[in-house]
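First up is the structure itself, then whatever we jot down about it.
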Amino acid sequence: MEQAIIIGHSSPEVGAEVQISVQDVYFEYESMDETPPKEVLHGITLDIRRGEFVALLGHNGSGKSTIAKHMNAILLPSGGKVYVDGMDTTDEALLTDIRRTVGMVFQNPDNQLVATIVEEDVAFGPENLGVPSAEMRQLVDDALKAVGMYEYRRHAPHKLSGGQKQRVAIAGIIAMRPECIVFDEPTAMLDPRGRQEVMDAIDNLVNKLGITVVLITHYMDEAARADRVIIINDGKLLMEGRPKEVFSHIDMLREHHLDVPQATELAQYLRSQGYDIPDDVLTPEECARAILKAADRK
Amino acid sequence: MISDITLGQFMPGKSFIHKLDPRMKIILMTAVIIFVFLVKNLPSLGAMAGFVALAMLLSRIPIRMYFKGLKAIWFLVFFTAALNVLYIKGEHVVFQYKMLTVYEEALWQSGFIAIRLVMIVIISSMLTYTTSPTDLTAAIERLLAPLKLIRVPVHELAMMMTIALRFIPTLLEETEKIMNAQKARGADLESGGVIKRAKALIPILIPLFISSFRRAFELATAMDCRCYTGGKGRTRLNVLKYRFRDFFAFLFIAGLCAGILYLNTLAPSLVR
């Protein structure tokens, strides 16, 4: 079996407490007819540490969404184990504890909102957990403020834009005070502006609220913001490391039909043309600075 | 655009009637509707009509909105009244032409029935105009709570209602998208007879159904992620609370009902 390539340190905070531990997980979807079941995950092992921002990358059908759904017991492994704060996800008695520790935001904001008024939707999670009504107001208001949707608390969800709806969905998870939130391609259905709004909200979660974030995406520019990038290919771990290190392996990523951030791509091209530009450029700003420097030297 | 329709008929406002607790509103409106049927003579009819007019003013909903609500039943009111006039027999003949005989009693009775119908429609539209669908659902859930004892799934019904209200605009929008997509491929939705048009709807309904099931599945997963396990142990963000105005309204309606029963005894009954 091909061994995953671990590049550099696997995380900026090696030694930090492990929050989600995926241990040698296999998973197959049961088939409806006579065809043999389709195995999607072939033995994946990875750790998510407390307070970390991890991006999970992979092309369509790589199993990245499947692995995410294992992180709060929506799916249970066919082989191997998943632990959330030491709790085994196959233990049904722990289900509520697991799901209030690890929240999840999905791709389509429309299909996550339950209520006809924004604040009532945000309250849905805490209501299910039996939070006393007196404390609920504070939870809901704080959650809405954290994603910048407080002014819209009395609006109807269907009148909001995609980015706003997705932020309400995020608030609905924050209101449950989870320690970790898994985002399953939260920006895939949004326009560039909505994407920016959601990414800003996610940055806010990581930096201000100290929530562990696992972001599944196929936008490389979003992954570049993470502390650590994990690349899944065909149900196996392909690469893992800091974004700068992972994205410097452009040829290998291409081989597996993955992109690199545009800035990285441009930097790589300029370097191949003989310009003196470093190989760990990730953001447009870094790229612009590197080009200016190179131009100055000439 | 079809997605422009307002959800229910709620018209936000800050009037006395808007502010009443939705549970009290449902109870009182039901009581009033029952008493509309008990109105038997002119004094009690006058009292009831006076109350309805007062409530209409208090609700601060434009009068034309009530007329809009009445438009739908205009024909029904007219038709029942006409039938009553022609069929009810009495002693005092007002008008006779060949086979047609109209009695005074018939005129009174059909008049009463028409006015009753109009009042009922006004009162029930007042409930939907002044109460948000969310409040209405919450109130129904609370009022029906005793039925849980006989195993009626009250919470589940209220949840279904909430989700239905939430998804009506979303599905309307989707229907419109699918219709446009099919039109772009040459589907003809507007011409032909009833059967041809019904057939033309099939390519719209099938994708709509498939996507609704997909939505339902995703929503169920999302609700699982938010620890939804049914109505047990759930708390609420907005707790319904009776206030002074609710008791005031209750006393007022109780007085009205007692008054109507009393007025009914003062003059001879005009309806059977």
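We name chains A, B, ... by the order of the sequence lines, and we start the count at 1 in each one. As the structure is a computational prediction, the values presented were derived from the model and not from experiment.
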Self-check item: Within 6.0 Å of CZ in Arg193(A), more than 12 heavy atoms from elsewhere
Solution: no

| said: Tell me whether Glu151(A) at atom CD has more than 12 heavy atoms from other residues, nucleotides or ligands lying less than 6.0 Å away. | reply: yes

Taking atom NZ of Lys145(A) as the centre, does the number of heavy atoms from other residues, nucleotides or ligands within less than 6.0 Å exceed 12? yes

The interface call for Asp110(A) against chain B, heavy-atom contacts under 4.5 Å, is both

Among residues 54-65 of chain A, those lying within the under-4.5 Å heavy-atom range of chain B are none

Applying a strict 4.5 Å limit to non-hydrogen atoms, the region of Val102(A) in contact with chain B is neither

Among Ala175(A), Gly172(A), Pro178(A), Gly103(A), the residue with the most heavy-atom pairs under 4.5 Å to chain B is Gly172(A)

Do the non-hydrogen side-chain atoms of His158(A) and Glu173(B) ever get within less than 4.5 Å of each other?
no

Item to complete: May I ask you to check whether over 12 heavy atoms, not counting those of Tyr242(B), lie within 6.0 Å of atom OH?
Response: yes

Of the listed Ser133(A), Pro126(A), Ala73(A), the one with the largest count of heavy-atom pairs under 4.5 Å with chain B is Ser133(A)

Minimal heavy-atom distance between Phe106(A) and Thr221(B), with the atoms involved, is CZ-CG2, 3.9 Å

By residue number, those in residues 136-164 of chain B with heavy atoms under 4.5 Å from heavy atoms of chain A are Met159(B), Thr162(B), Ile163(B)

Among residues 223-234 of chain B, those lying within the under-4.5 Å heavy-atom range of chain A are Met223(B), Asp224(B), Cys225(B), Arg226(B), Cys227(B), Tyr228(B), Gly233(B), Arg234(B)

- Message: I'd like to know whether OH of Tyr219(A) has more than 12 heavy-atom contacts from other residues, nucleotides or ligands below 6.0 angstrom.
- Response: yes

Rounding to 0.5 Å, atoms CD (Glu119(A)) and CG (Asn238(B)) come to a distance of 5.5 Å

Shortest non-hydrogen pair, Leu237(B) vs Glu127(A), comes out as N-OE2, 3.0 Å

Filtered by a 4.5 Å non-hydrogen cutoff, the part of residues 201-219 of chain B contacting chain A is Arg215(B), Glu218(B), Leu219(B)

- Take atom OH in Tyr152(A); do more than 12 heavy atoms of anything else shown fall under 6.0 Å from it? no

Given Leu129(A), Leu113(A), Val140(A), the one with more heavy-atom pairs under 4.5 angstrom with chain B than any other is Leu113(A)

Report task. Run the numbers on Thr116(A) and Thr134(B) for side chain to side chain donor-acceptor pair (under 3.5 Å), then give the verdict. Result -> CA-CA 7 Å; Thr116(A) 45; Thr134(B) 329; 3.1 Å; yes

